[in-house]
Amino acid sequence: MHIPQALTIAGSDSGGGAGIQADLKTFQELGVYGMSVITAITAQNTAGVQGVYPIELEGVVTQLHSIGDDLQPAAIKTGMLFSADIIHEVAIAVRQYQWNTLVIDPVMVAKGGSVLLQQQAIQALIRELLPLAAVITPNVPEAELLTGSTIHTLKEREQAARQLVQMGARAAVIKGGHDTSTPQAMDVLFDGKQFHYVEYPRVDTPHTHGTGCTYSAAMTAELAKGNGLLQAVQTAKAFVHAAIEDGLGIGSVHGPTNHFAYRQRRAVR
Ligand SMILES: Nc1ncnc2c1ncn2[C@@H]1O[C@H](COP(=O)(O)OP(=O)(O)OP(=O)(O)O)[C@@H](O)[C@H]1O
Ligand SMILES: Cc1ncc(CO)c(N)n1
């Protein structure tokens with residue numbers, strides 16, 4: 001039996017809603033065998049981030065080699081990378097092991113404002129990792145920092161997606177989760193040739209902890225199965241929308257999404 005395999009390189013979220021935990025749950029729900037390289041431990045819950053503890057560089061490098069020397073992930077995603085040094089080592093491993101289907105979720109700050117990527121690491125992300133990306137999935141504030149442009153309108157989002165491709169990514173998805181001015185949560189995909197618009201109604205809920213991680217992990221899982229990018233983005237959008245809509249009501253503040261929801265809905269159909 002062939003099981004598609006995927007790798008996440010990201011931070012641990014003790015609360016289980018974002019980071020490595022969200023990624024592995026999403027891989028499993030979509031029928032993909034998940035592996036992980038942990039870059040940092042965060043002490044985190046639905047109220048916020050209580051602590052960030054980066055893994056020492058040698059520990060990250062050894063994990064990368066443990067995977068690359070033995071296992072063959074068909075798709076890889078990055079989430080919280082924290083430092084320029086970690087980004088540098090990840091870029092070396094991506095090239096060495098020819099991890100060509102790379103999804104970059106350029107995680108920079110948690111929803112409560114805690115720093116998950118050091119300021120001086122943004123340039124390393126742009127220079128070293130972005131040119132290796134099959135797709136990069138920033139939200140609007142992340143896209144602004146990566147491109148150096150302010151983004152208010154749809155035209156500006158399209159321009160930013162095009163610019164990220166000019167900067168070396170093969171494709172870019174600019175997410176619309178932060179734009180509460182429209183009733184639709186619309187994401188713009190530029191695949192290097194064309195724009196595609198993937199949207200679902202915005203869900204009025206405080207329980208959106210880990211949406212970005214879950215979305216990019218679902219995309220990675222679908223790419224690991226051999227699906228094309230547009231199909232992967234569409235399935236990922238359906239997955240994260242179900243996860244937001246059927247929120248679990250766990251924790252006291254910004255609860256996690258429901259990683260079971262997409263599979264459970266399909267089972268009852
Ligand atoms: N309230 C909502 N209702 C419906 N869809 C949403 C909502 N919030 C976010 N989304 C969708 O969830 C996906 C993840 O986007 P989001 O903008 O939340 O990512 P993010 O800000 O990177 O998340 P994170 O804070 O977890 O890093 C996108 O497809 C976005 O459109
Ligand atoms: C570990 C981790 N990665 C990513 C995010 C962004 O949601 C988070 N809150 N925590």
Side-chain angles (χ1 to χ4, degrees), residues 8-24 26 36-55 77-82 86 103-117 136-146 151 157 173-189 196-219 232-247 251 253-259 261-262:
T8 170
I9 305 171
S12 165
D13 168 8
S14 54
I20 289 282
Q21 288 78 1
D23 295 344
L24 292 178
T26 302
S36 62
V37 167
I38 300 185
T39 56
I41 307 284
T42 71
Q44 195 173 168
N45 57 24
T46 67
V49 178
Q50 291 81 42
V52 173
Y53 308 94
I55 301 290
K77 73 155 273 191
T78 62
M80 172 186 180
L81 294 174
F82 191 68
I86 293 178
V103 177
I104 298 181
D105 181 6
V107 171
M108 295 183 188
V109 289
K111 284 204 168 92
S114 295
V115 173
L116 303 179
L117 182 72
I136 186 163
T137 65
N139 58 32
V140 166
E142 290 160 353
E144 289 183 326
L145 281 168
L146 291 169
I151 303 169
R157 263 208 283 161
V173 175
I174 313 238
K175 297 174 288 192
H178 290 243
D179 180 5
T180 48
S181 67
T182 63
Q184 295 294 107
M186 197 243 278
D187 307 330
V188 177
L189 163 65
H196 303 274
Y197 306 89
V198 188
E199 61 184 336
Y200 275 89
R202 177 178 308 284
V203 182
D204 184 14
T205 173
H207 303 309
T208 53
H209 178 67
T211 47
C213 305
T214 301
Y215 186 46
S216 55
M219 243 178 252
V233 172
Q234 285 167 338
T235 301
K237 183 72 174 170
F239 188 97
V240 75
H241 186 261
I244 296 169
E245 212 169 37
D246 293 1
V253 189
H254 296 294
T257 68
N258 179 350
H259 294 97
Y262 180 77

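Residues: numbered from 1 along the sequence shown. Each ligand, and each atom within it, is numbered from 1 in the order the structure gives.
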- Note on the structure: of all protein heavy atoms, closest to atom 6 (C) of ligand 1 is Ile244 CD1, 3.4 Å

- For atom 11 (C) of ligand 1, the protein heavy atom that lies nearest, with its residue and separation: Lys237 NZ, 3.9 Å

- Message: By the definition side-chain contact (heavy atoms from CB on, under 4.5 Å), identify the one residue from Thr42, Ile20, Asp23 that meets it with Asp13.
- Response: Thr42

- Query: What is the distance from atom NE2 of His209 to atom OG1 of Thr214, rounded to the nearest 0.5 Å?
  - Reply: 9.0 Å

- The closest protein heavy-atom partner of atom 15 (O) of ligand 1 is Lys175 CD, 3.5 Å

- Message: Just so I know, are the side chains of Val173 and Val233 near enough to count as touching, which here means a heavy-atom distance under 4.5 Å?
- Response: yes

Starting from the N and O atoms of ligand 2, find every protein N or O within less than 3.5 Å and list the pair with its distance.
{"unit_1": "ligand 2", "atom_1": "9 (N)", "unit_2": "Gln44", "atom_2": "OE1", "d": "2.8"}
{"unit_1": "ligand 2", "atom_1": "10 (N)", "unit_2": "Gln44", "atom_2": "NE2", "d": "3.2"}

- Message: Can you check which of Gly79, Ser216, Ala243, Gly212 brings a heavy atom nearest to atom 27 (O) of ligand 1?
- Response: Gly212

- Can Ala18 be said to touch ligand 1, with heavy atoms closer than 4.0 Å? no

- Message: Using 0.5 Å steps for rounding, measure from the OG1 atom of Thr26 to the CD atom of Gln21.
- Response: 11.0 Å

- Item | Side-chain heavy atoms of Thr211 within contact of Lys175, under 4.5 Å | no

- Query: Is there side-chain contact between Glu245 and Thr205, with at least one heavy-atom pair below 4.5 Å?
  - Reply: no

- Item | Pick from Val107, Thr211, Val203: the one approaching atom 16 (P) of ligand 1 most closely through a non-hydrogen atom | Thr211

- Message: Quick one, Tyr262 and Thr235 - any side-chain contact, counting heavy atoms below 4.5 Å?
- Response: yes

- Report yes or no: does a heavy atom of Pro201 sit under 4.0 Å from some atom of ligand 1? yes

- Task: Could you tell me whether the side chain of Arg202 and the main chain of Thr182 form a donor-acceptor pair under 3.5 Å?
- Result: yes

- Task: May I have the step-by-step check of side chain to side chain contact (heavy atoms under 4.5 Å, CB included) for Val107 and Leu81, ending in yes or no?
- Result: CA-CA 8 Å; Val107 171; Leu81 294 174; over 6 Å; no

- Message: One pair to check against side chain to side chain contact (heavy atoms under 4.5 Å, CB included): Thr39 and Ile9. What are the steps and the verdict?
- Response: CA-CA 7 Å; Thr39 56; Ile9 305 171; 3.9 Å; yes

- Less than 4.5 Å apart, any side-chain heavy atom of Val52 and any of Met80? yes

- Query: Quick one: nearest non-hydrogen protein atom to atom 9 (C) of ligand 1, plus distance?
  - Reply: Gly177 CA, 3.6 Å

- Can Ile136 and Glu142 be said to form a side chain to side chain contact (heavy atoms under 4.5 Å, CB included), step by step? CA-CA 11 Å; Ile136 186 163; Glu142 290 160 353; over 6 Å; no

- Mind checking whether Tyr200 has a heavy atom under 4.0 Å from ligand 1? no

- Query: For ligand 1, which atoms have a heavy atom of Gly210 less than 4.0 angstrom away?
  - Reply: 26 (O)

- Query: Among protein heavy atoms, which sits nearest to atom 24 (P) of ligand 1, and what does the distance come to when rounded to 0.1 Å?
  - Reply: Lys111 NZ, 3.5 Å

- Message: For His209, which part has a heavy atom under 4.0 Å from ligand 1: side chain, backbone, both, or neither?
- Response: neither

